[in-house]
Q: 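Have a look at this one before I ask anything.
A note on names: the letters A, B, ... follow the listed sequences, proteins ahead of strands, and every chain is numbered from 1. In this text, all values refer to a predicted model and were calculated from it rather than measured experimentally.
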Amino acid sequence: MILKKYLADRILNALNQINLQGIEVAVDRTQNPEFGHYTSSVSFNLSKVLKKSPYEIAKGIVEKLDDPLGLIDRIEIKGGFINFFLKETAFHLVIREIIKERANYGRSNEGQGEKVQIEFVSANPSGPLHVGNGRGGALGDVLASIFEWFGYAVEREFYVNDVGTQMNLLALSVEARMKELLGMPFEFPEEGYHGEYIKDIARLAIENFGDNIWNLPQEERLERIKEFAKDTILEWQRKDLEDFGIRFDCWYKESTLHKKNLLKEAFDILKANGYTYEKDGAVWFASTRFGDEKDRVLIKSDGSSTYFLADIAYHLDKYRRGFSRIIDIWGADHYGYVARMKAGVEALGYDPNTLELIIYQIVHLFRGGSAVRMSKRAGEMVTLRELLDEVGKDAARYFFVMRDPNSQLDFDIDLAKTQSANNPVYYVQYAFARCCSLFRQAEARGIEIERMFDCDLSYLRDPLEIELMITLEDFPDILKNAFYNRAPHRLTFYLESLAKSFHSFYNSLRILQEDEPIMYARMALVFATQQVIKNGLDIIGVSAPERM
RNA sequence: GCGCCCAUAGCUCAGGUGGAUAGAGCAACAGACUUCUAAUCUGUGGGUCGCGGGUUCGAGUCCUGCUGGGCGCGCCA
């Protein structure tokens, strides 16, 4: 980014001299070496305003262009594009920058410590996490890291729906399985949870409670079973997420909202603002006034509140906790709630633009080339735990963030498991391990590794070296791109291209050798590469193994 | 029926704010290890960017109408 920024600044400077301010200048990498290292198409954008041809404008800009650091070798104007050919010394600045910044290369403080909350996963405590939760988890966690890299104070939060009929159903389901295991007559609840894990909980519950539980009145017994089942499942989820590399700053329980009387408070605000009305014995929220398709019920005719009201209360609480930006990450099946949620916060009096809803599409698992069938109803979901046990944390995280959240994800379990070139995770990790191995080798040979930090980089001039340096230069830009577009997958694509660049370089140019000036310069390049791969993998939450 | 997402090479997918000849991985084929890790590299072939219009210097990208697939449209949670 330092080079692109430098060139953009040069153009801005030149535009200033012809009295043009506030223009957005983009400088990009080129696809074709014929067009130089970097290019800008500003002249096309200015052509309308200035009523001159792009070529004339480009010429005007180039005439006024300065080069205080002396990085530009030559400039060509082709069809209005301004093509920059840089001297090799320009790219050496990138290496210097990385050596200076190290683990901070790519960071920015533009968030200035602003408080941001990202809420994700938030699975119901009615069963183990499934693979869909894995995608939401990886996406949320990586986005959170990216926000941190941009200087935001990020809180990761998990919302626990520990209230409502589903919890009662859970208790009834477990109780039934307990009776079954004990050989007692039992009746399985109509809409109960059928998964095998219910039997596991039942087994644990029998162990935990002993025979005494059956002496309690049913209501109390179910209450105890409910608490036990919920805690057991939450513990499973917490453990799964930890093994998945995710640690939440806060597990926020819905029951807390009730204890703090926040549902009533939120309701009163909506009412006071005139957005509620009664109809058919229920109380409604006029969300259509904020663009929702239809109005929504807040309080049902039986007097109980809806899940939606709890959600409004929850968001009220989020704002009160001082977050200036709130991000909810939801699966595609929750898309229908986006409009009403936005309407909710707006009706509470907050700027709906500070609430961001990120929707990710569903995950399909593939094994042996065919889709793995899953049925939520029958409780036949592939759990996150099973996936983790099978493919490991690194592959799982990488694969989940590998795709645009807007696209459905085909997760190829076989591919994630292969320890070969086909697996992009290994490909990237291997590049890192190679760097490490090289420094081990250097150490074994008694090479004074430290000398690379202030060596003469002018020996880096091979096209493969230049290409690698240009790729390294790109990292902060890619990160910015991933940040602004909430698109972590751009990072995985970048890392693969960086690894590719490195492997090509490594394969055809000798690093450790007799010629010391060349050796140290190349070692510095390897060091920079190693650092950037590490930074990228850190953000994704994938390990960078020193040996493979 | 309505809303949203998706459609790019045989397969899986990249292609912020419109920029030059649309890219990568896999698969296929042909090559490269006495030398720093071959979990690597080099080369070849492969395309009506779902279809039709439109906007403009320029469209895979923006608008519009279709087609096909996914998700959602409860006083469920």
Q: Do A/Phe366 and A/Phe411 have ring centroids that are under 6.0 Å from one another?
A: no

Q: Base, sugar-phosphate, or nothing: which does A/Asn32 touch, judged by heavy atoms less than 4.0 Å apart?
A: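 Base, at least one base heavy atom under 4.0 Å.
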
Q: Classify the side chain of A/Ser301 and the base of B/rC75 as holding, or not holding, a donor-acceptor pair under 3.5 Å.
A: yes

Q: Check the phosphate of B/rG25 against A/Lys500, side-chain N and O only, distance under 4.0 Å to OP1 or OP2. Yes or no?
A: yes

Q: Tell which nucleotide pairs with B/rG18, taking only Watson-Crick or G-U wobble pairs whose two distances are both under 3.5 angstrom.
A: none

Q: Give A/Asp280 one of three labels, base, sugar-phosphate or nothing, depending on what nucleic acid heavy atoms sit under 4.0 Å from its own.
A: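 Base contact.
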
Q: Taking atom types as they are modelled, is there a donor-acceptor pair under 3.5 Å from the base of B/rA20 to the side chain of A/Ser41?
A: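 For A/Ser41, whose side chain was compared with the base of B/rA20, there is no donor-acceptor pair (under 3.5 Å).
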
Q: Tell me which nucleotide among B/rU17, B/rA39, B/rC71 gets nearest to the side chain of A/Ile362.
A: B/rC71

Q: With a cut-off of less than 4.0 Å, is there a side-chain N or O of A/His489 near OP1 or OP2 of B/rG15?
A: yes

Q: Could you tell me whether a side-chain N or O of A/Lys4 sits under 3.5 Å from a main-chain N or O of A/Val27, the two making a donor and an acceptor?
A: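 No, because the side chain of A/Lys4 does not come within donor-acceptor range (under 3.5 Å) of the backbone of A/Val27.
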
Q: Would A/Tyr252 and A/Phe158 count as a ring pair (Phe, Tyr, Trp, His ring centres under 6.0 Å) if you check the C-alpha gap in whole Å, the side-chain angles of each, and the deciding distance to 0.1 Å?
A: CA-CA 6 Å; A/Tyr252 197 103; A/Phe158 186 119; over 10 Å; no

Q: Suppose we define a pair by two distances each less than 3.5 Å, Watson-Crick or G-U wobble; what does B/rC4 pair with here?
A: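 Pair assignment: B/rC4 / B/rG70.
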
Q: For B/rU42, does either OP1 or OP2 sit under 4.0 Å from a side-chain N or O belonging to A/Ser504?
A: yes

Q: Is it the case that A/Arg486 places NZ or CZ above or below the six-membered ring of A/Phe483, under 6.0 angstrom from the centre and within 45 degrees of the axis?
A: yes

Q: Measuring to OP1 and OP2 of B/rG15, would you say a side-chain N or O of A/Arg490 lies under 4.0 angstrom away?
A: yes

Q: Would you indicate what A/Ser126 reaches in the nucleic acid, counting non-hydrogen atoms under 4.0 angstrom: base, sugar-phosphate, or nothing?
A: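 Since no nucleic acid heavy atom lies under 4.0 Å of A/Ser126, the category is nothing.
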
Q: Is it true that A/Asp394 and A/Gln429 share a donor-acceptor pair across their side chains at a distance under 3.5 Å?
A: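 Indeed, the side chains of A/Gln429 and A/Asp394 share at least one donor-acceptor pair under 3.5 Å.
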
Q: Both distances under 3.5 Å, Watson-Crick or G-U wobble: report the partner of B/rG65, or none.
A: B/rC51

Q: Pick the P atom in B/rC13 and in B/rU55, then give their distance to the nearest Å.
A: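 Nearest-Å result for B/rC13 against B/rU55 at atom P: 35 Å.
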
Q: What does A/Ala482 touch in the nucleic acid at a heavy-atom separation under 4.0 angstrom: a base, only the sugar-phosphate, or nothing?
A: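 Touches nothing.
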
Q: Side-chain N or O of A/Tyr335 less than 4.0 angstrom from OP1 or OP2 on B/rC2?
A: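 So the side chain of A/Tyr335 is outside the cut-off, no N or O lying under 4.0 Å from OP1 or OP2 of B/rC2.
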
Q: Could you pull out the closest heavy-atom pair between A/Lys253 and A/Tyr159, with the gap in Å?
A: C-CE1, 4.5 Å

Q: For B/rG60 versus B/rU21, give the span between their P atoms, rounded off to a whole number of Å.
A: 10 Å

Q: Would you mind classifying the nucleic acid contact of A/Ile447 as base, sugar-phosphate or nothing, using non-hydrogen atoms under 4.0 angstrom?
A: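 Contact class for A/Ile447: none.
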
Q: Phosphate oxygens OP1/OP2 of B/rG74: is one of them under 4.0 Å from a side-chain N or O of A/Arg296?
A: no

Q: Under 4.0 angstrom, heavy atoms only, what part of the nucleic acid is A/Asp412 near: base, sugar-phosphate, or nothing?
A: nothing

Q: Would you say B/rC2 has OP1 or OP2 under 4.0 Å from some side-chain N or O of A/Lys294?
A: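 A/Lys294 to B/rC2 OP1/OP2: no side-chain N or O under 4.0 Å.
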
Q: According to a cutoff of under 5.5 Å between the ring centres and under 30° between the ring planes, does A/Phe35 stack with the base of B/rA20?
A: yes

Q: Phosphate oxygens OP1/OP2 of B/rG23: is one of them under 4.0 Å from a side-chain N or O of A/Gln31?
A: yes

Q: Would one find a side-chain N or O of A/Lys78 under 4.0 angstrom from OP1 or OP2 of B/rG19?
A: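 Looking at the OP1 and OP2 atoms of B/rG19, neither is under 4.0 Å from any side-chain N or O of A/Lys78.
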
Q: Using purine N1 to pyrimidine N3 plus N6-O4 or O6-N4 for Watson-Crick, or N1-O2 and O6-N3 for G-U wobble, each under 3.5 Å, what pairs with B/rG10?
A: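 Across any shown strand, B/rG10 pairs with B/rC26.
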
Q: Would you call the rings of A/Phe493 and A/His489 parallel, tilted or perpendicular, taking 30° and 60° as the class edges?
A: perpendicular

Q: Quick one: does A/Asp410 reach the base of B/rU12 with a side-chain donor-acceptor pair under 3.5 Å?
A: no

Q: Quantified in whole Å, what is the P atom distance between nucleotide B/rC49 and nucleotide B/rU8?
A: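 Going atom to atom, P in each nucleotide, I get 11 Å.
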
Q: May I ask you to check whether A/Tyr277 and A/Phe285 place their ring centres under 6.0 Å from each other?
A: no

Q: Does the base of B/rA20 carry an N or O that pairs as donor and acceptor with the side chain of A/Asn83 under 3.5 Å?
A: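 Check passes, donor-acceptor contact within cut-off.
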
Q: Would you say A/Phe44 stacks on B/rG19, if stacking means ring centres under 5.5 Å apart and planes within less than 30 degrees?
A: no

Q: Report which part of the nucleic acid A/Val163 touches: base, sugar-phosphate, or nothing (heavy-atom distance under 4.0 Å, all strands).
A: sugar-phosphate

Q: Could you tell me whether the side chain of A/Tyr337 has a donor or acceptor atom within less than 3.5 Å of a complementary atom in the base of B/rC4?
A: no

Q: With rounding to whole Å, what would you report as the distance between B/rC62 and B/rC2 at their P atoms?
A: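 About 22 Å, rounded to a whole number of Å.
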
Q: Could you check whether A/Glu293 gets within reach of a base, just the sugar-phosphate, or nothing at all, counting any heavy atom under 4.0 Å?
A: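 Answer is sugar-phosphate: A/Glu293 comes under 4.0 Å of backbone atoms only.
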
Q: How is A/Asn406 classified with respect to the nucleic acid when contacts are heavy atoms under 4.0 Å: base, sugar-phosphate, or nothing?
A: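 If one applies the 4.0 Å heavy-atom cut-off, A/Asn406 turns out to touch the sugar-phosphate alone, with no base involved.
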
Q: If I pick the C1' atom on B/rG50 and the same atom on B/rU56, what distance separates them, to the nearest angstrom?
A: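 Here B/rU56 and B/rG50 have their C1' atoms 24 Å from each other.
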
